[in-house]
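Single-structure report; data block below.
Every value quoted in this text rests on a predicted model; they were computed, and no experiment measured them.
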Amino acid sequence: QDLSNKTEFHRNLIAKMLDNFSNSRNVNFLFLPHSIEKGLGNDIELSKDIVKRMKNFDKCYILDKDLTSKELKALIQAVHFVVGERTHSLIGSTSVATPFAGLTNTSDKRTHEILGDMCHTENQLINMDIINVDDLTKSVIDIYDKKEIIKTKLLQTKQELSENITKAAEIIKDKINEIY
């Protein structure tokens, strides 16, 4: 398919999945933009377009402010669950132990390696190479329904990553001391 057909399909898929998710679990949505630069990658405009396609648009709020990473991370920590496509939002979710469903594809090695392998969240990643709205909705809801178990695992992962960072910092400090 050409890019415009893929874009239409994808936006309709996400809108319908969010409607289904909202109907099934009575949830509201806060769209958090990662990229707000003008042009094709503007998450605010993308969010507006998806919400416009939704039946449950009244359950949606689009954050249209340019927030710092710290502010965005605080919002991610405050919500109960994240559905994200941007790797950085999913890394942010992991770092504050907020359960998430990551929408990706099999060729996105970076997301699978960082989040799946390093952060032990492979079972929270949904490959959307060939998927229909019912399968996508079911996958997101299955992950959502395990959010308490996932939160516990993410807290363990957060601790493990923190320990790894501390060990790496000690190794670097020792190497610097050897040099000087």
Side-chain angles (χ1 to χ4, degrees), residues 6-105 108 110-112 114-116 118-128 131 133 136-137 139-148 150-151 153-155 157-158 161:
K6 284 182 180 180
T7 299
E8 283 297 305
F9 176 81
H10 184 78
R11 291 179 183 192
N12 287 329
L13 178 73
I14 297 300
K16 181 69 175 156
M17 179 274 294
L18 293 175
D19 274 333
N20 292 346
F21 186 21
S22 176
N23 290 337
S24 175
R25 295 299 184 268
N26 194 29
V27 295
N28 297 308
F29 303 104
L30 171 62
F31 288 77
L32 299 173
H34 174 74
S35 175
I36 61 169
E37 291 80 30
K38 297 292 181 211
L40 219 64
N42 184 304
D43 288 341
I44 295 170
E45 295 305 316
L46 172 66
S47 298
K48 286 178 183 177
D49 188 44
I50 289 173
V51 170
K52 181 177 73 175
R53 297 165 190 251
M54 292 176 64
K55 292 178 181 163
N56 297 330
F57 57 86
D58 58 325
K59 293 190 166 234
C60 300
Y61 176 76
I62 300 169
L63 182 69
D64 60 1
K65 307 277 186 272
D66 187 11
L67 300 180
T68 66
S69 298
K70 188 175 182 178
E71 291 168 325
L72 282 170
K73 213 167 165 181
L75 281 172
I76 291 171
Q77 187 172 20
V79 300
H80 301 287
F81 190 75
V82 168
V83 177
E85 291 187 85
R86 300 268 192 192
T87 303
H88 284 102
S89 69
L90 304 176
I91 291 170
S93 297
T94 301
S95 71
V96 295
T98 297
F100 67 86
L103 309 181
T104 188
N105 61 69
D108 184 358
R110 183 176 65 128
T111 298
H112 283 280
I114 293 171
L115 289 156
M118 188 172 87
C119 297
H120 318 298
T121 63
E122 189 66 41
N123 60 348
Q124 293 168 238
L125 300 178
I126 301 167
N127 288 318
M128 297 179 38
I131 197 161
V133 70
L136 177 59
T137 303
S139 295
V140 170
I141 289 172
D142 286 349
I143 295 168
Y144 176 81
D145 287 345
K146 297 174 188 159
K147 66 184 178 299
E148 297 306 321
I150 291 169
K151 183 163 188 76
K153 288 180 181 178
L154 288 172
L155 287 168
T157 298
K158 183 178 171 184
L161 294 173

Heavy-atom closest pair (Ile143 atom, Ala101 atom, distance to 0.1 Å) is CD1-CB, 4.0 Å
Please check if the number of heavy atoms outside Lys153 that lie under 6.0 Å from its NZ is greater than 12.
no
Margin query: Would Thr157 and Met118 count as a side-chain contact (heavy atoms from CB on, under 4.5 Å) here? Give the steps.
Written below: CA-CA 9 Å; Thr157 298; Met118 188 172 87; over 6 Å; no
Output for pair (Leu90 CG, Ile114 CD1), nearest 0.5 Å, gives 10.5 Å
Below 4.5 Å, heavy atoms only, C-beta onward: do Ile126 and Ile131 meet side chain to side chain?
yes
Result for side-chain contact (heavy atoms from CB on, under 4.5 Å) between Ser93 and one of Thr121, Ile76, Leu115 points to Ile76
Looking only at heavy atoms, the pair that brings Leu161 and Cys119 closest together is CD1-SG, 3.9 Å
Criterion side-chain contact (heavy atoms from CB on, under 4.5 Å) on Val82 and Gln124, from CA distance to verdict: CA-CA 11 Å; Val82 168; Gln124 293 168 238; over 6 Å; no
Rounding to 0.5 Å, atoms CG (Asn28) and NZ (Lys59) come to a distance of 5.0 Å
Lys16/Asp19 salt bridge by N-O under 4.0 Å criterion: no
Report the C-alpha separation of Asp108 and Leu125 in whole Å, then their side-chain angles, then the decisive distance to 0.1 Å, and conclude whether the side-chain contact (heavy atoms from CB on, under 4.5 Å) test is met.
CA-CA 11 Å; Asp108 184 358; Leu125 300 178; over 6 Å; no
In terms of heavy-atom contacts, Ala97 and Lys151 come closest through O-NZ, 2.9 Å
Checklist entry - If only atom types and distance count, is the side chain of Ser22 paired as donor or acceptor with the main-chain N or O of Val27 below 3.5 Å? => result yes
- Would you confirm whether Ser95, through its side chain, and Gly92, through its main-chain N or O, come within 3.5 Å as a donor-acceptor pair? yes
Applying side chain to side chain donor-acceptor pair (under 3.5 Å) to Asp64 and not counting sequence neighbours gives none
For Ser89 and Gly84 the tightest heavy-atom approach is OG-CA, 4.1 Å
Minimal heavy-atom distance between Val140 and Met17, with the atoms involved, is CG2-SD, 4.0 Å
Per side-chain contact (heavy atoms from CB on, under 4.5 Å), Arg53 is matched among Leu18, Asn12, Ile14, Leu13 by Asn12
Rounded to the nearest 0.5 angstrom, the CD1-OG distance for Ile141 and Ser24 is 3.5 Å
### Task
Using the salt bridge (charged side-chain N to carboxylate O under 4.0 Å, His left out) rule, take Lys48 and Glu45 through it: C-alpha gap first, then chi angles, then the decisive distance, then the call.
CA-CA 5 Å; Lys48 286 178 183 177; Glu45 295 305 316; 3.7 Å; yes
Taken to the nearest 0.5 Å, the spacing of Asn123 CG from Ser139 OG works out to 11.5 Å
- prompt: Does Leu154 reach the side chain of Thr98, with side-chain heavy atoms less than 4.5 Å apart?
  reply: no
Residues passing the side chain to side chain donor-acceptor pair (under 3.5 Å) test with Glu122, sequence neighbours excluded, are His112
* Give a yes or no on whether the backbone of Thr94 and the side-chain of Lys158 come within a donor-acceptor separation of less than 3.5 Å. => no
To the nearest 0.5 Å, atom CZ of Phe29 lies from atom CG of Asn56 at 7.5 Å
Checklist entry - Are Met128 and Asn105 close enough that some pair of their side-chain heavy atoms sits under 4.5 Å apart? => result no
Residue pairs passing the ring pair (Phe, Tyr, Trp, His ring centres under 6.0 Å) test with at least one member in residues 52-98, sequence neighbours excluded, are His34-His88, Phe81-Tyr144
So salt bridge (charged side-chain N to carboxylate O under 4.0 Å, His left out) across residues 80-100, not counting sequence neighbours, yields Asp43-Arg86
Hits for side chain to side chain donor-acceptor pair (under 3.5 Å) against Thr87, two or more places apart or cross-chain, chain-then-number order -> Arg110, Thr111
What one should report as the nearest heavy-atom pair of Pro33 and Ile44 is CB-CG1, 3.8 Å
Check your understanding: Taking NZ, NE, NH1 and NH2 as the nitrogens, is one of them in Asp142 or Lys146 under 4.0 Å from a carboxylate oxygen of the other?
Key -> no
Here the gap from Thr137 atom OG1 to Phe21 atom CZ, rounded to the nearest 0.5 Å, amounts to 9.5 Å
So salt bridge (charged side-chain N to carboxylate O under 4.0 Å, His left out) across residues 66-75, not counting sequence neighbours, yields none
Inset, instruction - List the steps, then state whether side-chain contact (heavy atoms from CB on, under 4.5 Å) holds for Leu136 with Asn20. - result: CA-CA 10 Å; Leu136 177 59; Asn20 292 346; over 6 Å; no
